[in-house]
2 protein chains.
Amino acid sequence: MLPAMSTEDRRRREREAREALFIERAHERIREDGLLGLQMSKLAADCEYATGTLYQHFESREDLLAAVAARTTRERAGRFRAIPELALGTRSRMLAIVLTDIDFAAQNPDYYRLTQYLVTEVVWANVSVPRREALLEAGRPISEAVHAVVAEARERGDLPPAREISEEEMGLGPWALNVGMQSLANAQGLLDAYDIHRPYDHLIRHFHALMTGWRWEPRLDPDEPAVVRAETDRVRAALRAAGIGEQ
Amino acid sequence: MLPAMSTEDRRRREREAREALFIERAHERIREDGLLGLQMSKLAADCEYATGTLYQHFESREDLLAAVAARTTRERAGRFRAIPELALGTRSRMLAIVLTDIDFAAQNPDYYRLTQYLVTEVVWANVSVPRREALLEAGRPISEAVHAVVAEARERGDLPPAREISEEEMGLGPWALNVGMQSLANAQGLLDAYDIHRPYDHLIRHFHALMTGWRWEPRLDPDEPAVVRAETDRVRAALRAAGIGEQ
DNA sequence: GCCGATTTGTGAATCCGGTTCAAAAATCGG
DNA sequence: CCGATTTTTGAACCGGATTCACAAATCGGC
């Protein structure tokens with residue numbers, strides 16, 4: 001019985017290794033040639049397996065894309081774990097979360113595009129349920145970080161006590177602001193058409209307006225560019241010191 | 001020469017009518033069967049033309065989708081035109097813009113999905129330049145409405161004078177917030193996973209936080225649910241009275 | 001170690017739908 | 001009315017995701 005079990009174990013490990021290989025190579029392909037550059041048969045050949053073998057791991061191309069996204073989301077989520085422990089005020093830590101996300105997106109443009117494509121109804125419909133759940137699960141540490149910071153802010157009195165709004169729902173504001181700005185900034189030619197430049201600077205200012213509007217102390221006027229810039233620099237320095245956001 | 005010219009005119013009109021027919025039918029198809037239900041040869045057959053004829057109007061499937069989106073965007077943009085003239089304070093008019101957008105998206109879920117899919121890098125790359133420009137152009141009245149309201153708010157002193165921020169850049173905040181919330185609300189299962197409900201109620205509250213953070217008068221505390229609800233109702237009533245937002 | 005049963009891997013064939021293009025039809029100018 | 005030009009046609013083409021009949025590998029009992 002024991003040898004059978006260890007055999008079974010080995011085979012499962014090998015299977016997992018093969019899946020990891022597929023995901024890794026797929027990601028490379030996407031990074032180098034874009035989403036269109038990823039072809040199922042080419043990828044299988046790259047990894048020295050038959051096309052059919054690839055389909056034993058992923059139900060469809062979309063399923064594979066979701067797996068790639070989940071892997072990178074785990075990496076991204078890792079960056080947020082240490083933020084609640086940073087030696088900064090709660091409001092600055094909230095800014096740290098936003099900055100970390102901006103930086104990750106800037107360093108991984110292909111990841112941003114991939115997730116944007118994935119959540120498209122047409123594509124999402126072809127992702128298997130377990131992969132969907134894995135992708136959602138991968139992002140959990142991010143919402144946990146947000147939750148922790150909001151909860152602490154309330155405890156400390158930096159943020160007025162909740163009135164019909166949970167920690168998650170409070171975090172929803174900056175989250176939506178972030179997602180929306182990424183989306184607008186990435187739509188080729190859109191902001192240019194309205195003569196809007198440096199969208200991420202504006203994101204930060206609007207973030208401060210939002211936080212100040214919720215009376216998150218210490219209030220910071222979004223309309224004081226110099227103050228906003230100084231705070232951004234200060235928080236970025238703290239992130240760097242904590243080793244968060246390194247390539 | 002004259003008959004030739006009128007012939008030419010007629011042919012151009014016929015061509016435009018045909019194009020409108022294609023776009024109209026394509027939109028119906030999408031509404032009924034989703035984006036995947038739209039097939040070029042089927043659509044051509046539906047309209048009683050050959051596939052090749054369809055390709056004389058649209059360079060690709062994506063190009064056709066962009067044309068559909070532009071048409072609906074024009075309809076959507078039309079709703080915003082009258083908002084700057086509404087008998088409401090500037091801040092309430094800004095809210096009117098947000099509410100109008102929420103309502104349009106709620107009434108046209110397929111339109112939201114279509115644009116989300118279109119601005120995806122992979123898809124956008126296959127849209128011809130004129131169609132891209134037409135789509136961007138179609139949204140112009142919206143940004144004009146925003147510009148007008150922000151500019152008037154500054155003139156009247158409802159909003160402090162600009163400091164390194166244009167009217168468009170001020171409008172970018174609520175715009176991003178809107179886009180981001182739509183995006184999150186539409187990602188199947190995402191907000192549920194974090195136990196967040198009624199995302200549009202939160203969008204409105206965060207909108208008020210944002211405006212209050214920029215010191216847009218009369219300031220309204222996002223943390224007063226009853227006040228927020230009353231203001232929403234009041235503005236919705238004004239919109240209804242002006243005939244904006246009817247199906 | 002050997003053998004039939006079962007599981008896993010293979011890659012050529014299938015399928016699908018977007019796109020093309022040679023031929024047919026319509027229109028034009030004289 | 002006629003040849004030249006433009007427009008329309010839809011069957012053929014093509015690329016790439018997916019399948020599946022077959023082959024190879026592994027297994028469990030002897």
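A note on names: the letters A, B, ... follow the listed sequences, proteins ahead of strands, and every chain is numbered from 1.
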Provide the full list of ring pair (Phe, Tyr, Trp, His ring centres under 6.0 Å) pairs with a residue in residues 184-203 of chain A, sequence neighbours left out, each pair given once. Y194(A)-W175(B)
Taking every heavy atom of G173(A) against every heavy atom of L177(B), the minimum-distance pair comes out as O-CD1, 3.6 Å
Using the side chain to side chain contact (heavy atoms under 4.5 Å, CB included) criterion, which residues pair with E133(B)? Sequence neighbours excluded. V129(B)
Find the distance E14(A):CD to dG9(C):C1' and express it as a whole number of Å. 14 Å
The criterion is side chain to side chain contact (heavy atoms under 4.5 Å, CB included); which residues satisfy it with A151(B), sequence neighbours excluded? H147(B), E167(B)
Carboxylate-amine/guanidinium proximity below 4.0 Å for R131(B) and E62(B): no
Taking salt bridge (Lys or Arg N to Asp or Glu O under 4.0 Å) as the definition, give me every residue that meets it alongside E121(B), ordered by chain and number, with sequence neighbours left out. R113(A)
Please check this pair: side chain of R93(B) against backbone of P84(B), looking for a donor-acceptor N/O pair closer than 3.5 Å. yes
Please tabulate the protein-to-nucleotide N/O contacts below 3.5 Å involving nucleotides 22-25 of chain D, giving atom names and distances.
none

Contact residues, residues 116-131 of chain B to DNA chain C [heavy atom, < 4.0 Å]: none
Is there any protein nitrogen or oxygen under 3.5 Å from a nitrogen or oxygen in nucleotides 5-9 of chain D, and what are the pairs?
| from | atom 1 | to | atom 2 | distance (Å) |
| --- | --- | --- | --- | --- |
| dT8(D) | OP1 | R18(B) | NH1 | 2.6 |
| dT8(D) | OP2 | R18(B) | NH2 | 3.3 |
| dT8(D) | OP2 | Q56(B) | OE1 | 2.6 |
| dT9(D) | OP2 | A50(B) | N | 3.2 |
| dT9(D) | OP2 | T53(B) | OG1 | 2.5 |

Using whole Å, what does the distance between atom C1' of nucleotide dG9(C) and atom CZ of F22(A) come to? 10 Å
SB check R12(A) E16(A) (cutoff 4.0 Å): yes
If dG30(C) has a Watson-Crick or G-U wobble mate with both distances under 3.5 Å, name it; if not, just say none. dC1(D)
Residues in salt bridge (Lys or Arg N to Asp or Glu O under 4.0 Å) with R140(A), at least two apart? E137(A)
How close or far is atom P of dG17(C) from atom CG of L54(B), stated in whole angstroms? 16 Å
Residues that L36(B) engages under side chain to side chain contact (heavy atoms under 4.5 Å, CB included), provided they are two or more places apart: V122(A)
Taking side chain to side chain donor-acceptor pair (under 3.5 Å) as the test, write out the residues that go with H57(A), two or more places apart. R18(A), E19(A)
Would you tabulate the nitrogen or oxygen pairs shorter than 3.5 Å linking the protein to nucleotides 12-16 of chain D?
| from | atom 1 | to | atom 2 | distance (Å) |
| --- | --- | --- | --- | --- |
| dG16(D) | OP1 | Q39(A) | NE2 | 2.9 |

Report the distance from atom NE2 of H57(A) to atom C1' of dT10(C), rounded to the nearest whole Å. 13 Å
If only atom types and distance count, is the side chain of S60(A) paired as donor or acceptor with the main-chain N or O of N126(A) below 3.5 Å? yes
Would you list the atom pairs, donor with acceptor, under 3.5 Å between side chains in residues 98-106 of chain A and any protein atom, with sequence neighbours excluded?
| from | atom 1 | to | atom 2 | distance (Å) |
| --- | --- | --- | --- | --- |
| T100(A) | OG1 | A96(A) | O | 2.7 |
| D101(A) | OD1 | R76(A) | NE | 2.9 |
| D101(A) | OD1 | R76(A) | NH2 | 3.1 |
| D101(A) | OD2 | N178(A) | ND2 | 3.2 |
| D103(A) | OD1 | R236(A) | NH2 | 3.0 |
| D103(A) | OD2 | R236(A) | NE | 3.3 |

